[in-house]
There are 2 protein chains.
Amino acid sequence: MEKYRKIGFKLTPQRIAILDYLEGNNEHPSAEDIYKAVSERFPTMSYATVYNTMDALAEKKCVVELNIDTHKKRFDPDVRPHNHLICTKCSQVVDVFEKYSLDIPKEQRQGFEITGNLIEFYGVCIKCKNGFPKKTKE
Amino acid sequence: MEKYRKIGFKLTPQRIAILDYLEGNNEHPSAEDIYKAVSERFPTMSYATVYNTMDALAEKKCVVELNIDTHKKRFDPDVRPHNHLICTKCSQVVDVFEKYSLDIPKEQRQGFEITGNLIEFYGVCIKCKNGFPKKTKE
DNA sequence: CTGGCTGCAAATCTTTTGCATCCTG
DNA sequence: CAGGATGCAAAAGATTTGCAGCCAG
């Protein structure tokens, strides 16, 4: 926790509650997930605070924003380089730490300077395969 | 054009205008881009029609929906399997047709049945590198 | 004490929906 | 001529913003 203060991230009770929720969380929660979980402890918690906090954390590279859903940002508190495996039925996202080194042949780079890559694997998770899909909106 | 009618896709003047706009377009346009371009010819064109048409095309696999931006869907009229290279400064997206075969070791699959993958390469395009970034909102 | 943080409400942006009308096949 | 498509306006969902009051450093 001290590390946050050191990098100029002011710790408030709300922020600590969010950090607690994110600690070790590998469910790639959305802003809504975070809001719902944390507002149980902080009934006055607002979305503005969730978004502010997540923006600040992303800026300090303490969290990664995922563009997996089109119109719902999700957050990954694990900032180690890794890829994702996404269930096409229930949208669950799990981490894949296998390393892949990918290169684009020069002829195909179109002048870009490559800085990195992200692999999204798609599949069907074990629950959905067995006919017990986790409920989601879509 | 005949091929659309054959697969049960009813052709209206608006739809033909959208298809014309998409033909050979490799700029991965958003609904807004499509709406703006096509409504010049069809002043009464509505977003509802753009979304309806794109949904219908996606369902017939004539177009692919891209989740590159968080809350702005983009469309790719090129349905051949390929990956994308995205400029982190101006959000331009270019196609990469190099083939990569990626596999997740069994131990890391967590019971998933893998169906596919998508690679997003990140980089800085030649214009942004040279200090002439294409204007975007963000 | 001061600048950054909070929380409410209102605004914004993208996408969806309801529905009466229109027109392709 | 029937069923799907259109287009308007309103609704919905996610995120952002304005701003007054609060509190960590």
Side-chain angles (χ1 to χ4, degrees), chain A residues 1-19 21 28-60 62-63 65-75 91 136-138, chain B residues 1-19 21 28-60 62-63 65-75 91 136-138:
Chain A
M1 278 288 158
E2 262 320 299
K3 74 165 186 171
Y4 293 107
R5 206 172 277 125
K6 272 178 194 148
I7 56 176
F9 183 78
K10 196 183 271 188
L11 286 175
T12 63
Q14 292 86 338
R15 288 180 162 200
I16 291 171
I18 291 176
L19 289 169
Y21 172 72
H28 311 81
S30 64
E32 189 187 3
D33 297 331
I34 298 169
Y35 172 79
K36 285 191 175 153
V38 177
S39 61
E40 285 178 14
R41 265 195 286 166
F42 274 85
T44 65
M45 170 68 56
S46 71
Y47 273 103
T49 297
V50 173
Y51 284 110
N52 276 342
T53 301
M54 299 314 290
D55 278 358
L57 287 172
E59 208 159 291
K60 306 271 187 212
C62 294
V63 94
E65 301 183 345
L66 304 181
N67 293 336
I68 286 171
D69 277 291
T70 303
H71 57 280
K72 184 183 258 182
K73 209 179 276 174
R74 295 176 69 162
F75 298 94
S91 298
T136 62
K137 260 163 287 176
E138 35 205 339
Chain B
M1 279 288 158
E2 263 318 300
K3 73 166 188 172
Y4 293 107
R5 205 171 277 128
K6 272 178 192 145
I7 57 177
F9 182 79
K10 197 183 270 188
L11 286 176
T12 63
Q14 293 86 338
R15 289 181 161 198
I16 291 171
I18 292 175
L19 289 169
Y21 172 72
H28 310 81
S30 64
E32 190 187 2
D33 296 330
I34 298 169
Y35 173 77
K36 285 192 173 150
V38 177
S39 60
E40 284 177 16
R41 263 195 288 167
F42 273 86
T44 65
M45 170 69 55
S46 71
Y47 273 102
T49 297
V50 173
Y51 285 110
N52 275 343
T53 301
M54 299 314 290
D55 278 357
L57 287 173
E59 207 158 292
K60 307 273 187 208
C62 295
V63 94
E65 302 184 344
L66 304 181
N67 292 336
I68 286 171
D69 277 291
T70 303
H71 58 280
K72 184 182 260 184
K73 209 178 276 173
R74 295 177 68 162
F75 299 93
S91 298
T136 62
K137 257 163 289 178
E138 34 205 341

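Quick note on labels: first sequence line is chain A, next is B, and so on, each numbered from 1.
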Side chain of [X]: nearest nucleotide among [options]?
{"X": "Ala48(A)", "options": "dC8(C), dG25(D), dT6(D)", "result": "dC8(C)"}
{"X": "His71(B)", "options": "dC5(C), dG7(C), dT14(C)", "result": "dT14(C)"}
{"X": "Asp55(B)", "options": "dT14(C), dT16(C), dG7(D)", "result": "dT16(C)"}
{"X": "Tyr51(A)", "options": "dG25(D), dT15(C), dA14(D)", "result": "dA14(D)"}
{"X": "Ser46(A)", "options": "dG7(C), dG7(D), dG3(C)", "result": "dG7(C)"}
{"X": "Thr49(B)", "options": "dT16(D), dC8(C), dT6(D)", "result": "dT6(D)"}

inquiry  = Judged by each residue's nearest nucleotide on DNA chain D, which is more toward the 5′ side, Arg15(B) or Pro43(B)?
reply    =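 Residue closer to the 5' terminus by nearest nucleotide: Arg15(B).
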
Pair Thr49(A), Asn52(A): side-chain N/O donor-acceptor within cut-off below 3.5 Å =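 Side chains of Thr49(A) and Asn52(A): no pair found under 3.5 Å.
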
ask   = Taking atom P of dA14(D) as reference, at what distance in whole Å does atom CD of Glu32(A) sit?
value =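 Spelled out: CD on Glu32(A) to P on dA14(D) is 5 Å.
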
message = How long is the straight-line distance from CG of Leu19(A) back to OG1 of Thr12(A), given to the nearest 0.5 Å?
response = 8.5 Å

ask   = Could you give the distance from CG (Asn67(B)) to NZ (Lys72(B)), rounded to the nearest 0.5 Å?
value =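 It comes to 14.0 Å.
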
key: Pro13(B) vs Asn52(A), nearer the 5' end of DNA chain C by closest nucleotide   =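 Of the two residues, Asn52(A) wins.
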
task = Let me know, please, whether Leu11(B) or Gly8(A) comes out on the 5' side of the other along DNA chain C by nearest nucleotide.
result =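 Residue closer to the 5' terminus by nearest nucleotide: Gly8(A).
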
query = Which part of the nucleic acid, if any, lies within contact of Ala56(B), taking any heavy atom under 4.0 Å across all strands shown: a base, the sugar-phosphate backbone alone, or nothing?
reply =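 Result for Ala56(B) = nothing.
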
ask   = Does NZ or CZ of Arg15(A) come closer than 6.0 Å to the centre of the six-membered ring of Tyr4(A), within 45° of the ring's axis?
value =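 So Arg15(A) doesn't make the cation-pi contact.
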
